[in-house]
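What follows is a single structure, written as structure tokens, with notes after it.
First the proteins, then the strands, lettered A, B, ... as listed; each starts at 1. In this text, all values refer to a predicted model and were calculated from it rather than measured experimentally.
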Protein chains: 4
Amino acid sequence: MAQILSAALSEFAEMGYEGARLDAIAERAGISKPTIYLYFDNKEALFTEVIENTITRTIREASEAVELADGTTEEALRLILGLAYDHFIDTELMSIMRLLIAEGGRFPELLETYHKVAFTQGRALMQGVLRRGVARGDLRPSPAIETPELVIAPAVFLSIYRMTFNRFAPIDKEEFLGAHLDIILNGIRAEEHA
Amino acid sequence: MAQILSAALSEFAEMGYEGARLDAIAERAGISKPTIYLYFDNKEALFTEVIENTITRTIREASEAVELADGTTEEALRLILGLAYDHFIDTELMSIMRLLIAEGGRFPELLETYHKVAFTQGRALMQGVLRRGVARGDLRPSPAIETPELVIAPAVFLSIYRMTFNRFAPIDKEEFLGAHLDIILNGIRAEEHA
Amino acid sequence: MAQILSAALSEFAEMGYEGARLDAIAERAGISKPTIYLYFDNKEALFTEVIENTITRTIREASEAVELADGTTEEALRLILGLAYDHFIDTELMSIMRLLIAEGGRFPELLETYHKVAFTQGRALMQGVLRRGVARGDLRPSPAIETPELVIAPAVFLSIYRMTFNRFAPIDKEEFLGAHLDIILNGIRAEEHA
Amino acid sequence: MAQILSAALSEFAEMGYEGARLDAIAERAGISKPTIYLYFDNKEALFTEVIENTITRTIREASEAVELADGTTEEALRLILGLAYDHFIDTELMSIMRLLIAEGGRFPELLETYHKVAFTQGRALMQGVLRRGVARGDLRPSPAIETPELVIAPAVFLSIYRMTFNRFAPIDKEEFLGAHLDIILNGIRAEEHA
DNA sequence: CATGAATGAGAATTCATTCAT
DNA sequence: TATGAATGAATTCTCATTCAT
């Protein structure tokens, strides 16, 4: 059953919901087509199960890793963004995101699950770091405190980019992360005085 | 033919390439199915034509608007980001982006077209603004100069967000743009004081 | 569409609902399988349409014929039973009856239709003849007046018989009808007196 | 094995041959699907076995009961028709009859078995009673003597009726049997008087 | 130009049947 | 004797595509 889910994730990610063929999934999983029906009611059930299973599994792994260091605000930011890049980019979660963007309109419950289980959690984590930073005097009370999505946005952008344009103009993950941290922390404006 | 393209864009955007039905497109366009074949060789040709047509048309409109004001660096940034938000969010271009994310793997030429025609151009524009800002002493020579994607990323993020999670936790476009400009310009770090 | 209905009637009558193959129906009708779907939503719709269409068509024809002669009671009985035999035995209506017996449990609405449109009407007709016979003094006020089914029963029996056992021990329709009339009119008991 | 046959009879009777599912039979019998194959070669073998088994079993029971009373002709008739009603209506034999009507075309050997084992025997029994009645002077030498089916027909009719239309316009078994005997014995014609 | 009518190729799904245990 | 797991062979149904008009 794990093999079916894994095969299905690949096929769905590559072909989309409609484009995916149960034939292909069965072949990837090394079983026969009817066997899929021993474990899943139908294509839709398989699809939703794939999504939910992957989300919860990945989030569980991620959550375990996010024992936030007691370090400085900058270290915490660096850590959490590093984790975001590691989990979002070139991973199964990225495939899920692509699927949700593509098929979300037709599977709104999945969107909701992902929103609740993954997005909201990540957002809260980031907001916690920012708030602590402000409390410590490390960060100014910028609008980012209430819009932590802004801080995460470049990670999401890179995830999309890697799935699409990267082949034409590659962007290096580490370099991008470095620049990301720099800009977020310091902005692009030149020092006022002088 | 314009009606066909328009109908097809809607249908493809809603249903994806495989999910889209020529029946449905014909109905939306108020014509009969075979008529589509008078103008397009087949479904794939219609799809690529829809994408390319929409891209070029939208980009043309956008380009006309980007007679960059001679104003201050901040005004230029504000202007170009405002245009990005206006063209990317809740528009046809957003549908195209969704389609490219969803189907890009199977239609790489379309990705390339979009990359060349839209993305590269927008990136160059942004980079121009940034470079001029540095030259004028308004902006520091940050890594964003070579990674202008970072400055655009939140617009892309919001575009995706509006297509997916917005229904569960709405984000206001104008507010988000305001925060976006603030963070990009100033960063989140507290003034070093001294 | 008439050809599809006709082909479907044959196939359903021979094979039952589940046993019937759309392939076979298409072939009998000289068309391709998908063409069936141009006219009928699915197998079930085709089935119910076949039944209802055949019933109403046949009943219409029958009704036209039942301009009951003003003749004697015996002539009227002879006429109406003759019509029953002609319409029930070795005809399309017989196939319908077989189908309803076989599949009635799964298609109760069809049973109801047939009951209303065919059976009730025939029963009322027979009852009318019997009542007039009693009024004229030709018939005694027997329990058959309120149970006209008894008078029709042998026709139904023969219909079933022809579909099943006739091949092993053939029963001649005309002879059977003759005996039927005789028994119904006179009973089998010997004259009392003497 | 008895449980399998019983489960199979129910399922076949309800769903027809094609409609019946081995899954369902196994579940009704409280065993697993492959177990059926320990006792029966395949679905068809199970079906024919069910039919033949039920027929022979029921006929055996019936035969035992038909130690014809030495009573009057009328008593004998009453007895034999009573038995027919009891065995044909709302019983397993009725289900068998329905199955044979439905599937007889595809299983002619079953029809033959039923014809030989059940029908011919019942017909002979009835004919014996009639002939004895004529010999005794109780019955006239009517055509029914050579067509005893006519006398049985209403029982068959009622059996069919109970499987189909009874829900829309119920017929009481006992009343019907009473009317049946009256009509068969006396006919519906008024006394010639004199 | 436009379309009503038709279909070949293929998709999901079902089910009788098998087999290793 | 019994069964959990698996599948080959259908079967219904869909849809892009064609063609005569």
Side-chain angles (χ1 to χ4, degrees), chain A residues 1 3-4 11 15 17-27 29-47, chain B residues 1 4 8 11 15 17-27 29-47, chain C residues 1 3-4 11 15 17-27 29-47, chain D residues 1 4 8 11 15 17-27 29-47:
Chain A
M1 235 203 64
Q3 39 181 351
I4 299 179
E11 174 76 3
M15 311 300 284
Y17 177 73
E18 290 284 350
R21 302 288 163 231
L22 290 187
D23 270 340
I25 293 173
E27 197 174 359
I31 56 169
S32 80
K33 217 184 342 167
T35 300
I36 296 174
Y37 287 87
L38 289 181
Y39 300 97
F40 304 93
D41 278 353
N42 48 42
K43 190 181 183 181
E44 183 173 336
L46 174 57
F47 182 68
Chain B
M1 232 204 66
I4 299 180
E11 174 77 3
M15 310 301 285
Y17 178 71
E18 290 284 350
R21 304 286 162 238
L22 290 190
D23 269 334
I25 293 173
E27 195 177 358
I31 57 166
S32 77
K33 217 183 345 169
T35 301
I36 296 174
Y37 286 88
L38 292 179
Y39 299 96
F40 304 93
D41 279 353
N42 49 40
K43 190 181 183 181
E44 185 174 335
L46 173 58
F47 181 68
Chain C
M1 234 203 66
Q3 38 179 352
I4 299 179
E11 174 76 4
M15 312 300 284
Y17 178 71
E18 290 282 351
R21 302 290 162 231
L22 291 186
D23 270 341
I25 293 173
E27 197 174 357
I31 57 169
S32 79
K33 215 180 351 166
T35 300
I36 295 174
Y37 287 88
L38 289 180
Y39 300 97
F40 303 94
D41 279 351
N42 49 41
K43 190 181 181 179
E44 183 173 336
L46 174 57
F47 181 69
Chain D
M1 234 203 66
I4 299 179
E11 174 77 3
M15 311 300 286
Y17 178 71
E18 290 284 350
R21 303 288 162 235
L22 290 190
D23 270 334
I25 293 173
E27 196 177 357
I31 56 166
S32 79
K33 217 184 346 171
T35 301
I36 296 175
Y37 286 86
L38 293 178
Y39 299 96
F40 304 93
D41 279 353
N42 49 40
K43 191 182 183 181
E44 184 173 337
L46 173 58
F47 181 68

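Recorded end-axis angle for the helix from dA2(E)-dT21(F) to dT21(E)-dA2(F) stands at 20°, based on five pairs per end and rounded to 10 degrees.
Taking atom CE of residue M15(D) and atom C1' of nucleotide dA16(E), one finds them 16 Å apart after rounding to whole Å. Going from atom CE of M1(C) over to atom P of dA6(E) covers 12 Å, rounded to whole Å. Nucleotide dC15(F) holds its C1' atom 12 Å from the CD1 atom of I36(B), rounded to whole Å. Note: CD1 (I4(D)) to P (dT1(F)) measures 11 Å, nearest angstrom. Rounded to an integer number of Å, the gap from CD1 of I25(A) to P of dA12(E) is 8 Å. Rounded to whole Å, atom C1' of dA16(E) lies 9 Å from atom CG of D23(D). For the pair L22(A) CG and dT14(E) P, the interatomic distance rounds to 11 Å; values are reported in whole Å. To the nearest angstrom, C1' of dT11(F) lies 15 Å from CD of E27(C).
At distances below 3.5 Å, not a single donor-acceptor pair connects side-chain atoms of E11(C) with backbone N or O atoms of L22(C). Between the side chain of E18(D) and the backbone N or O of Y17(C) there is no donor-acceptor pair closer than 3.5 Å.
The line from CD1 of I31(C) to CD1 of I4(C) is 3.5 Å long, rounded to the nearest 0.5 Å.
Each of G30(A) and E18(C) has a nearest nucleotide on DNA chain F; the 5'-most of these lies closest to G30(A). Across the interface with DNA chain F, nearest-nucleotide mapping of K43(B) and I31(A) shows I31(A) to be the residue nearer the 5′ end.
Applying the 4.0 Å criterion to OP1 and OP2 of dA2(E), one finds that Y39(B) has a side-chain N or O inside that range. Within the 4.0 Å cut-off from OP1 or OP2 of dA2(E), not a single side-chain nitrogen or oxygen of S32(B) is found. Phosphate proximity of dT14(F) to R21(B): absent, as no side-chain N or O sits under 4.0 Å from OP1 or OP2.
Considering all non-hydrogen atoms of both residues, N42(D) and A45(D) come closest at OD1-N, 2.9 Å. Between S32(D) and A26(D), the shortest heavy-atom contact is C-CB, 3.8 Å.
The residue F40(D) sits apart from the nucleic acid: no heavy atom pair falls under 4.0 Å. Base contact: L38(C) has a heavy atom under 4.0 Å from a base atom. Among the atoms of the strands shown, none is found under 4.0 Å from any heavy atom of A24(A). As judged by a 4.0 angstrom heavy-atom cut-off over every strand, A26(B) is placed among residues making no nucleic acid contact.
Listed candidates were dT7(E), dA6(F), dT17(E). Nearest to the side chain of T35(C) is dT7(E).
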Distances for protein N or O near nucleotides 18-21 of chain E N or O, under 3.5 Å:
none

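Of the residues Y37(A), F40(A), Y39(A), the one that meets the side-chain contact (heavy atoms from CB on, under 4.5 Å) test with L46(A) is F40(A).
Scanning for side-chain contact (heavy atoms from CB on, under 4.5 Å) contacts around E27(A) gives an empty result, with sequence neighbours left out.
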